[in-house]
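Numbers restart at 1 for each chain; the letters A, B, ... are given by sequence-line order, proteins then strands.
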Amino acid sequence: MTQSFSNSLINWYKNNKRDLPWRNTTDPYKIWLSEIILQQTRVNQGLPYYNKFVSQYPKVLDLAKAPEDEVMRLWQGLGYYSRARNLHECAKSVVKDYNSEFPKAYNELLKLKGVGKYTAAAIASFAFEQAVPVVDGNVFRVLARYFDVSDDISQPKTFTKFFNIAKELIPDDYAASFNQAMMELGATICTPKKPDCENCPLSQECEARIHHKQSELPVKMKKIKIKNRYLYYLIWQHEEKLAMKKEVQKISGRAYLILI
DNA sequence: GACACGTGGGT
DNA sequence: TACCCAAGTGT
């Protein structure tokens with residue numbers, strides 16, 4: 001049962017995977033770079049940034065040596081800017097504390113800034129072929145639908161449940177392919193809206209498809225609420241030129257970027 | 001454990 | 001239009 005799941009999935013992946021640059025390497029630096037960029041970010045949006053970073057900083061040492069302003073500028077437009085700051089800090093830490101080599105152990109990877117459970121598992125499996133399952137939004141969706149698991153995925157404790165299900169399914173000798181395949185299926189077939197069940201290699205046994213519950217799974221209770229905030233800036237303008245100065249001030253314990 | 005963090009695409 | 005997300009993590 002678990003074997004047919006993995007076999008079908010991995011076989012489908014071999015024949016249908018997209019050709020993406022970070023899939024043609026086992027360099028942990030490039031794997032890490034791609035994973036940070038792809039956090040909460042679509043492939044099409046992150047791809048040009050990945051290429052820029054690899055080109056500008058071929059090795060972790062290059063990134064570690066770069067000025068933070070330069071790294072931030074390269075990241076400009078991608079969003080979630082704390083990722084860029086953590087990226088730089090992580091690179092410096094790998095150089096200083098790990099002799100410029102990424103650690104292999106999952107628990108050691110977890111100590112790196114910006115590397116959480118998902119990214120640590122991704123590096124451990126893609127770069128080092130360890131059988132640690134990745135659990136991201138795609139994996140939640142595929143497993144919730146296939147096994148009809150209706151736990152609320154917005155609750156942190158649910159992560160462990162899905163991690164354990166995936167751990168049962170992941171083959172020791174095809175860990176990287178399995179993890180990649182789970183995410184690829186979620187990204188291209190088992191999508192949030194209108195999943196393409198006709199072309200899904202797992203559709204025959206999928207509980208959600210059998211019971212027509214695709215739109216009800218996975219269950220996510222937490223809703224995103226957007227609050228408006230209004231900030232005021234003073235900008236000096238003389239003819240066509242703007243006068244701006246970057247300063248960082250602490251206001252009630254929080255760092256603000258003040259443009260003067 | 002709840003919440004903030006960003007931009008861009010889909011319905 | 002107004003949501004709903006998308007290869008999560010830090011606080």
Side-chain angles (χ1 to χ4, degrees), chain A residues 13 17-18 20-23 25 30-50 53 72 74-90 93 106 109-127 132-144 151-160 162-163 166 175-196 214-229 231 252-257:
Chain A
Y13 176 68
K17 66 177 178 180
R18 293 166 290 178
L20 301 169
W22 47 84
R23 288 179 173 168
T25 181
K30 290 179 181 169
I31 302 290
W32 163 75
L33 193 54
S34 71
E35 293 304 336
I36 302 298
I37 287 172
L38 291 171
Q39 285 168 10
Q40 298 284 281
T41 304
R42 286 188 175 81
V43 165
N44 287 340
Q45 192 188 0
L47 186 53
Y49 287 85
Y50 173 82
F53 271 84
M72 297 306 291
L74 261 192
W75 195 273
Q76 198 168 65
L78 236 200
Y80 282 139
Y81 295 94
S82 64
R83 285 185 297 169
R85 250 179 273 279
N86 290 336
L87 181 87
H88 194 219
E89 186 176 333
C90 180
S93 161
Y106 176 74
L109 288 162
L110 273 179
K111 296 178 183 172
L112 300 172
K113 209 59 179 291
V115 176
K117 287 176 293 191
Y118 163 77
T119 304
I123 299 171
S125 63
F126 302 156
V132 188
V134 293
V135 179
D136 70 339
N138 292 309
V139 175
F140 274 128
R141 195 163 54 250
V142 170
L143 294 178
D151 297 49
D152 177 9
I153 66 165
S154 64
Q155 301 224 310
K157 63 178 179 183
T158 305
F159 177 92
T160 304
F162 281 82
F163 183 93
S177 292
F178 175 85
N179 278 340
Q180 287 282 186
M182 288 288 283
M183 292 193 287
E184 188 76 344
L185 190 75
T188 64
I189 301 284
C190 196
T191 49
K193 313 280 184 189
K194 300 186 188 306
D196 185 12
Q214 295 97 319
S215 64
E216 299 165 35
L217 294 167
V219 173
K220 180 151 51 175
M221 297 299 287
K222 187 167 58 183
K223 302 298 179 191
I224 302 167
K225 43 181 177 261
I226 307 293
K227 287 187 216 166
N228 288 330
R229 272 191 298 182
L231 305 174
S252 61
R254 198 180 174 89
Y256 283 86
L257 180 66

Open item on the list: How close do Pro133(A) and Ala166(A) get, counting heavy atoms only, and between which atoms?
Closed with: CB-CB, 3.5 Å
Task: Among dG8(C), dG10(C), dC4(C), the nucleotide that comes nearest once only the side chain of Tyr80(A) is considered - done: dG8(C)
Open item on the list: Less than 4.0 angstrom between a side-chain N/O of Arg141(A) and OP1 or OP2 of dA7(C), yes or no?
Closed with: yes
Open item on the list: Is the phosphate of dG8(B) approached by Gln45(A) (side-chain N or O, under 4.0 Å from OP1 or OP2)?
Closed with: no
- [ ] For Lys157(A) and for Gln40(A), locate the closest nucleotide of DNA chain B by heavy-atom distance; then report the residue assigned to the nucleotide nearer the 5' terminus.
- [x] Lys157(A)
Open item on the list: Can you measure Trp22(A) atom CH2 to dA7(C) atom P for me and round it to whole angstrom units?
Closed with: 13 Å
Open item on the list: Regarding Thr188(A) and Arg18(A), do their side chains bring together a donor and an acceptor under 3.5 Å, going by distance alone?
Closed with: no
Open item on the list: Any base atoms under 4.0 Å from Gly77(A), or only sugar-phosphate, or nothing? Heavy atoms, all strands.
Closed with: sugar-phosphate
Task: Axial cation check for Phe163(A) ring with Lys117(A), 6.0 Å and 45° limits - done: no
Task: Nearest-angstrom distance from the residue atom CZ of Arg42(A) to P of dT7(B) - done: 15 Å
- [ ] Using atom CG of Asp152(A) as one end and atom C1' of dG1(B) as the other, report the distance to the nearest whole Å.
- [x] 12 Å
TODO: Rounded to the nearest angstrom, tell me the gap between atom OH in Tyr50(A) and atom C1' in dA7(C).
DONE: 14 Å
Task: Separation of dC5(C) P from Leu38(A) CG (nearest whole Å) - done: 20 Å
Task: Residue whose nearest DNA chain C nucleotide is more 5′ - Val115(A) or Val43(A) - done: Val43(A)
- [ ] Could you check which of dA2(B), dA7(C), dG6(B) has an atom nearest any side-chain atom of Asp136(A)?
- [x] dA7(C)
Task: Whole angstrom value for the distance that separates C1' of dT9(C) from NZ of Lys117(A) - done: 10 Å
- [ ] Remember a base hit wins even if backbone is also touched, and classify Ile36(A) as base, sugar-phosphate or nothing at under 4.0 Å, heavy atoms.
- [x] nothing
TODO: Kindly point out which of dA7(C), dT11(B), dT7(B) is positioned nearest to the side chain of Lys193(A)?
DONE: dT11(B)
Open item on the list: Measure CZ/Arg18(A) against C1'/dA7(C) and give the value in whole Å, please.
Closed with: 10 Å
Open item on the list: Is there a side-chain contact between Thr119(A) and the phosphate of dT9(C), meaning an N or O under 4.0 Å from OP1 or OP2?
Closed with: yes
- [ ] Among dG1(B), dA7(C), dG6(B), find the nucleotide with the atom closest to the side chain of Arg83(A).
- [x] dG6(B)
Task: Pairwise P distance, dA7(C) and dT11(B) [rounded to whole Å] - done: 15 Å
Open item on the list: Regarding Lys113(A), tell me which of base, sugar-phosphate or nothing describes its non-hydrogen contacts under 4.0 Å with the strands shown.
Closed with: sugar-phosphate
Open item on the list: If I pick the P atom on dC4(C) and the same atom on dA4(B), what distance separates them, to the nearest angstrom?
Closed with: 16 Å
- [ ] Examine the side chains of Thr158(A) and Asp151(A) and answer whether a donor and an acceptor come within less than 3.5 Å of each other.
- [x] no
TODO: Using a heavy-atom cut-off of under 4.0 Å over every strand shown, decide if Leu87(A) touches base, sugar-phosphate, or nothing.
DONE: nothing
Task: Exam field: side chain Thr41(A) to backbone Gln39(A), donor-acceptor pair closer than 3.5 Å - done: yes
Task: Upstream residue (5' side of DNA chain C) when Thr41(A) and Asn86(A) are each assigned their closest nucleotide - done: Thr41(A)
Task: Value in whole Å for how far the P atom of dG8(C) lies from CE of Met183(A) - done: 9 Å
Open item on the list: If you compare all heavy atoms of Pro218(A) against all heavy atoms of Arg141(A), which two are closest, and at what distance to 0.1 Å?
Closed with: CD-CG, 3.5 Å
